[in-house]
Asker: 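One structure follows; several queries about it will come next.
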Amino acid sequence: MNVFHEFKKIVAESLAEVSRRGGLSEDLDAQPFTVEAPKDPRRGDISTNVALAVSRLAGAPPRHIAERIVTELARHESVTRTDVAGPGFINIRLSDSFWRARLADVLNAGDTYGESGIGQGQRVNVEYVSANPTGPLHIGHARGGVFGDALAALLEKVGYEVTREYYVNDAGAQIVALADSIYHRYRALRGDNPGELPEGLYPGEYLNETAEQFARDGDKWLDAPRETRIESFGRRGSERMLAEIRKDLGDLGIRFDHFVHERDLHRDGTVASVIDALRKKGCVAEGILEPPKGKRPENWLPRKQTLFLSKNFGDDVDRPVTKSDGTWTYFASDIAYHHDKISRGYSELIDVWGADHGGYVKRMSAVVEALTDGDVALDVKLCQLVRVTRDGVPVKMSKRAGTFVTLREVLDEVGKDVLRFIMLTRRNDAPLDFDLSKVMEQSKDNPVFYVQYAHARSCSALRNARAAFDDVDLTAEALAKSDLTCLTDPGELALIKTLAAWPQSVETAAQAHEPHRLAFFLSELAAEFHAQWNKGNESPSLRFIVAENPSLSLARLALVRAVGFTIASGLRIFGVEPVDEMR
RNA sequence: GCGCCCGUAGCUCAGCUGGAUAGAGCAGCGGCCUUCUAAGCCGCUGGUCGCAGGUUCGAGUCCUGCCGGGCGCGCCA
């Protein structure tokens, strides 16, 4: 049960009743209002601003309306106390038995706890990573990948139908550069001294193997026409890089439902036809761009070119879709790609990009608006830089890639679960510090450890219970039927209330497209659980297992199990495996 | 020069789409181990939410203008 949804309905009914009897305006129920947990739990369990929200339209002071709503609410059986506070907030206290029943909700749901249907099966496309197949993934790609993957899982959890997608930029200048880079190594292998690696080619060692493959063909490529060379080297090189990228991502627990290749969009004419369609719609036309003010490019030549008229959709300038040599710009194929996504029938598109692509957001939103007349939403999530350090000292060089820290290096060192969790401990648009030493620390400074430890402890308590009590059924089903009225400690009831807030947290995180919120929730839940655990050190009567009182123990174990399920539920969204012990 | 993102405790950051007395961790100080794992817990100290206006019952949150930092700005992707 989502407690806040439940009470929103009840508050709305009370409001309707009040307005019906009191001759208040009819359509008060159209006003948006919130039902949430008050910041200070002493105020109550649930708080609503309904009276404040409705007061203007009702033409009555908020406190006055609140008083009348409160008398309606008080009829509800789980409501034990109501207050009107401050300017007109309504605070509601619910009975302990109501809360205890929520514990059974968790136990019945297991680690699916928090699932809901608010997405109503709407189809959402999440595109992420989409790194060029010209080199290995770096740590920034890992962030985008983990973020996108967790967001996809989060949306699925609340009832959206999600496609996880990767756009492969296997066309254009960078593939030519890739082909030339492999060719350079090939020549060296065949003894045809190529000299220094020219500017603009890829220096990393990772291309050597592909070059060796070609070298096995002998000298046949040395005199091959540049065109066929670019085709073969570029294709095989990008395919190989993509395979390696997919391996890295797979080991990080990231798999995609769908790959779209830029090359295909060119070859099957999608790019040309989409641009043509936009031209017919009046969104694409010939024009001459002004040079950017203040930046003064050196070789600026006013040139007539084909432009997407993104200014009509809120962009700062119109954007070219053709280069001076007549070929399509990257932007043109990205238009085609987004058209392709749209044609597959999504109600919402989410793109996860690096923050250095921020300047691209407006034009892409313009594209989606132009293509769908505003029917499909595009949300672009920008992931900020990851700073990798070891004991606070920046780690920069990679043996393999030359200039950056690769995903593989970090993954091999800290493991998938640590990498994934840490990536989700910050908002996507805030820079992230990733300290290789700190994330492996077993201390409360390390959120991965802290949350995992709470889960492990919940498992440990159950193991101990199995040893302490013979013939006791500790399955979730049995625990749900235990005598939960034994749970009377304020800490225990507070813990239940935290657990009961989980579905709402999942939902708001999903709607905001911000999985990091759940990392904070899990840390707070873990802290609360550790605190309750430690109370047992000081007062043995508060221990989860009280040998001489099995029914009390079972009720507490129900709570412990529910904490474990909720943490597991969150970790599963993150793609992190909950651990049962930490020895 | 223009656009986007960011500015919250000494440090690292939350702040649930406008709610009540702005929170957490670290650092500092003081407590708790014959233990259901002290790998942890409890308490204290710490704030002109970058600055100045505006919108309204109510602003860290929305609008405008400054200040400071990051990213980007045709023929790379």
Asker: Without decimals, in angstroms, what is the distance between A:Asp315 CG and B:G3 C1'?
Answerer: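 It is 9 Å, rounded to the nearest whole Å.
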Asker: Provide the distance between the two P atoms, one in B:G54 and one in B:A22, to the nearest whole Å.
Answerer: 22 Å
Asker: Between atom CG in A:Asn49 and atom P in B:G18, what is the gap in whole Å?
Answerer: 11 Å
Asker: If you assign A:Asn132 and A:Ala37 each to the RNA chain B nucleotide with the nearest heavy atom, which residue ends up on the more 5' nucleotide?
Answerer: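 Final value for this comparison: A:Ala37.
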Asker: Ignoring the backbone of A:His530, work out which of B:A77, B:A20, B:C41 is nearest its side chain.
Answerer: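 The answer is B:C41.
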Asker: Given the P atoms of B:A20 and B:G58, what is the spacing between them in whole Å?
Answerer: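 Looking at atom P only, B:A20 and B:G58 are 14 Å apart.
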Asker: Just by distance, do the side chain of A:Asn446 and the backbone of A:Val448 share a donor-acceptor pair under 3.5 Å?
Answerer: yes
Asker: Looking across every strand, which nucleic acid part, if any, lies under 4.0 Å from A:Ala461 by heavy atom: base, sugar-phosphate, or nothing?
Answerer: nothing
Asker: Taking the basic N atoms (NZ, or NE/NH1/NH2) and the acidic carboxylate oxygens, is any pair closer than 4.0 Å for A:Lys323 and A:Asp325?
Answerer: no
Asker: Starting at CZ of A:Arg56 and ending at C1' of B:U56, how long is that distance when rounded to a whole Å?
Answerer: 7 Å
Asker: Within this structure, what is the CZ-to-P distance between A:Arg363 and B:G72, rounded to whole angstrom?
Answerer: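 Checked: the CZ to P distance equals 13 Å.
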Asker: If you only use heavy atoms from C-beta on, which nucleotide in B:A20, B:C71, B:U37 is closest to the side chain of A:Phe89?
Answerer: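 Selected nucleotide: B:A20.
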Asker: Find the runs of at least 3 consecutive base pairs, i with j, i+1 with j-1 and so on, that include RNA chain B, using Watson-Crick or G-U wobble geometry with both distances under 3.5 Å.
Answerer: B:1-7 with B:67-73, B:10-13 with B:23-26, B:28-32 with B:40-44, B:50-54 with B:62-66
Asker: From the options B:G40, B:G72, B:G74, select the nucleotide whose nearest atom is closest to the side chain of A:Pro320.
Answerer: B:G74
Asker: So, under a plain 3.5 Å distance rule, would you say the side chain of A:Thr134 forms a donor-acceptor pair with the base of B:A77?
Answerer: no
Asker: P atom, B:G31 versus B:G68: distance in rounded Å?
Answerer: 47 Å
Asker: Under 4.0 Å between any heavy atoms, over every strand shown, what does A:Pro87 touch: base, sugar-phosphate, or nothing? Just pick one.
Answerer: base
Asker: Can you identify which nucleotide, out of B:A77, B:U17, B:G74, has its nearest atom closest to the A:Glu36 side chain?
Answerer: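 My answer, after comparing the listed nucleotides, is B:U17.
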Asker: Name each donor-acceptor pair under 3.5 Å that joins a side chain in residues 359-366 of chain A to protein atoms two or more places apart or in another chain, with its distance.
Answerer:
from	atom 1	to	atom 2	distance (Å)
A:Lys362	NZ	A:Asp316	OD1	3.2
A:Arg363	NH2	A:Gly359	O	3.3
A:Ser365	OG	A:Val361	O	2.9

Asker: Would you call A:Lys438 and A:Glu441 a salt bridge, using N to O less than 4.0 angstrom?
Answerer: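 No.
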Asker: Please tell me which of the listed nucleotides, B:C42, B:C75, B:A20, lies nearest to the side chain of A:Lys323?
Answerer: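 For the A:Lys323 side chain, the nearest candidate turns out to be B:C75.
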Asker: How should the glycosidic conformation of B:U17 be described, syn or anti, under the criterion that syn lies within 90° of 0?
Answerer: syn
Asker: Output the single nucleotide from B:G19, B:C41, B:A77 whose closest atom is nearest the side chain of A:Asn534.
Answerer: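 Output: B:C41.
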Asker: State, without any angle test, whether A:Asn49 and A:Glu36 hold a side-chain donor-acceptor pair at a distance under 3.5 Å.
Answerer: no
Asker: Checking contacts here: which listed nucleotide (B:C42, B:G40, B:A77) is nearest the side-chain heavy atoms of A:Tyr453?
Answerer: B:G40
Asker: If you measure only the distance, is there a donor-acceptor pair under 3.5 Å linking the side chains of A:Ser569 and A:Trp502?
Answerer: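 Judged by distance alone, the side chains do pair up.
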Asker: With a 4.0 Å cut-off on heavy atoms, is A:Leu52 in touch with a base, just the backbone sugar-phosphate, or nothing at all?
Answerer: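 Base contact.
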Asker: Are any of A:Ser460's side-chain N or O atoms less than 4.0 Å away from OP1 or OP2 of B:U37?
Answerer: yes
Asker: Which part of the nucleic acid, if any, lies within contact of A:Ala355, taking any heavy atom under 4.0 Å across all strands shown: a base, the sugar-phosphate backbone alone, or nothing?
Answerer: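 If one applies the 4.0 Å heavy-atom cut-off, A:Ala355 turns out to touch the sugar-phosphate alone, with no base involved.
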Asker: Quick one: on RNA chain B, does A:Thr508 or A:Arg457 contact a more 5' nucleotide (nearest heavy atom)?
Answerer: A:Thr508
Asker: Considering only the P atoms, how many Å lie between B:U61 and B:C73, rounded to the nearest integer?
Answerer: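 After rounding to an integer number of Å, I get 31 Å for this pair.
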Asker: On a plain distance test, is the side chain of A:Arg303 in donor-acceptor contact with the base of B:C75 below 3.5 Å?
Answerer: yes
Asker: Which distance, rounded to the nearest 0.5 Å, do you find between the CZ of A:Arg68 and the CD1 of A:Ile65?
Answerer: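 So the gap between those two atoms works out to 8.5 Å.
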Asker: Can you tell me how far P of B:C42 sits from NZ of A:Lys535, to the nearest Å?
Answerer: 10 Å
Asker: Ignoring hydrogens and angles, state whether a donor on the side chain of A:Asn132 or A:Thr134 is under 3.5 Å from an acceptor on the partner side chain.
Answerer: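 Note: A:Asn132 and A:Thr134 side chains miss the donor-acceptor criterion.
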Asker: What nucleic acid atoms does A:Gln305 come within less than 4.0 Å of, heavy atoms only: base, sugar-phosphate, or nothing?
Answerer: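 The residue A:Gln305 makes base contact.
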Asker: What interatomic distance, in whole Å, is found between C1' of B:A24 and the corresponding atom of B:G43?
Answerer: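 16 Å, rounded to whole Å.
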Asker: Contact class for A:Tyr450 vs. all strands (heavy atom < 4.0 Å): base, sugar-phosphate, or nothing?
Answerer: sugar-phosphate
Asker: Is A:Glu507 touching bases, backbone alone, or none of the nucleic acid, heavy atoms closer than 4.0 Å?
Answerer: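 A:Glu507: no heavy atom of the nucleic acid under 4.0 Å.
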Asker: Work out how far the C1' atom of B:U48 is from that of B:C32, and round it to whole angstrom.
Answerer: 38 Å
Asker: Contact class for A:His516 vs. all strands (heavy atom < 4.0 Å): base, sugar-phosphate, or nothing?
Answerer: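 Sugar-phosphate only.
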Asker: If the glycosidic angle sits within 90 degrees of zero it is syn, else anti. Tell me which applies to B:C33.
Answerer: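 Syn, angle within 90° of zero.
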Asker: For a quick check of understanding: with a heavy-atom distance under 4.0 Å over all strands, which category does A:Ser47 fall into, base, sugar-phosphate or nothing?
Answerer: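 Since a base atom lies under 4.0 Å of A:Ser47, the category is base.
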Asker: Would A:Asp489 and A:Lys535 pass as an ion pair if we require N to O under 4.0 Å?
Answerer: yes
Asker: Please give, in whole Å, the distance from B:G23 P to A:Arg42 CZ?
Answerer: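 Spelled out: CZ on A:Arg42 to P on B:G23 is 10 Å.
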Asker: Rounding to a whole Å, what distance do you find between A:Asn446:CG and B:C26:P?
Answerer: 12 Å
Asker: B:A77, B:C71, B:G74: which one has an atom nearest the side-chain heavy atoms of A:Trp300?
Answerer: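 Of the candidates, B:G74 comes closest.
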Asker: Go through B:C75, B:A20, B:C57 for me and flag the one nearest to the A:Lys39 side chain.
Answerer: B:A20
Asker: What one-letter contact string describes nucleotides 4-13 of chain B from 5' to 3', where B marks a base within less than 4.0 Å of any protein heavy atom, S marks contact via sugar-phosphate atoms alone, and - marks no contact?
Answerer: SSS-----SS
Asker: Which part of the nucleic acid does A:Leu301 contact within heavy-atom distance under 4.0 Å: base, sugar-phosphate only, or nothing?
Answerer: base
Asker: Does the separation of the ring centres of A:His516 and A:Phe147 fall below 6.0 angstrom?
Answerer: no
Asker: What integer number of Å spans the C1' atoms of B:G53 and B:C29?
Answerer: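 One C1' to the other, the span is 42 Å.
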Asker: Could you tell me the separation between the CZ atom of A:Arg263 and the P atom of B:A77, rounded to a whole number of Å?
Answerer: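 Spelled out: CZ on A:Arg263 to P on B:A77 is 15 Å.
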Asker: Which heavy atom of A:Ile275 sits nearest a heavy atom of A:Ile335, and at what distance?
Answerer: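 Closest heavy-atom pair between A:Ile275 and A:Ile335: CD1-CD1, 4.1 Å.
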Asker: So, under a plain 3.5 Å distance rule, would you say the side chain of A:Asn91 forms a donor-acceptor pair with the base of B:A20?
Answerer: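 Checked by distance alone, the answer is yes.
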Asker: With rounding to the closest Å, how many angstrom separate the P atoms on B:G7 and B:C62?
Answerer: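 That atom pair is separated by 10 Å.
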Asker: For the side chain of A:Lys497 and the backbone of A:Ala37, is there at least one donor-acceptor N/O pair under 3.5 Å apart?
Answerer: no
Asker: Check A:Arg387 with A:Asp433, please: is the shortest side-chain N to carboxylate O separation under 4.0 Å?
Answerer: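 Yes, A:Asp433 and A:Arg387 are salt-bridged.
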Asker: Between A:Lys341 and A:Glu165 (salt bridge meaning N to carboxylate O under 4.0 Å), is one present in this structure?
Answerer: no
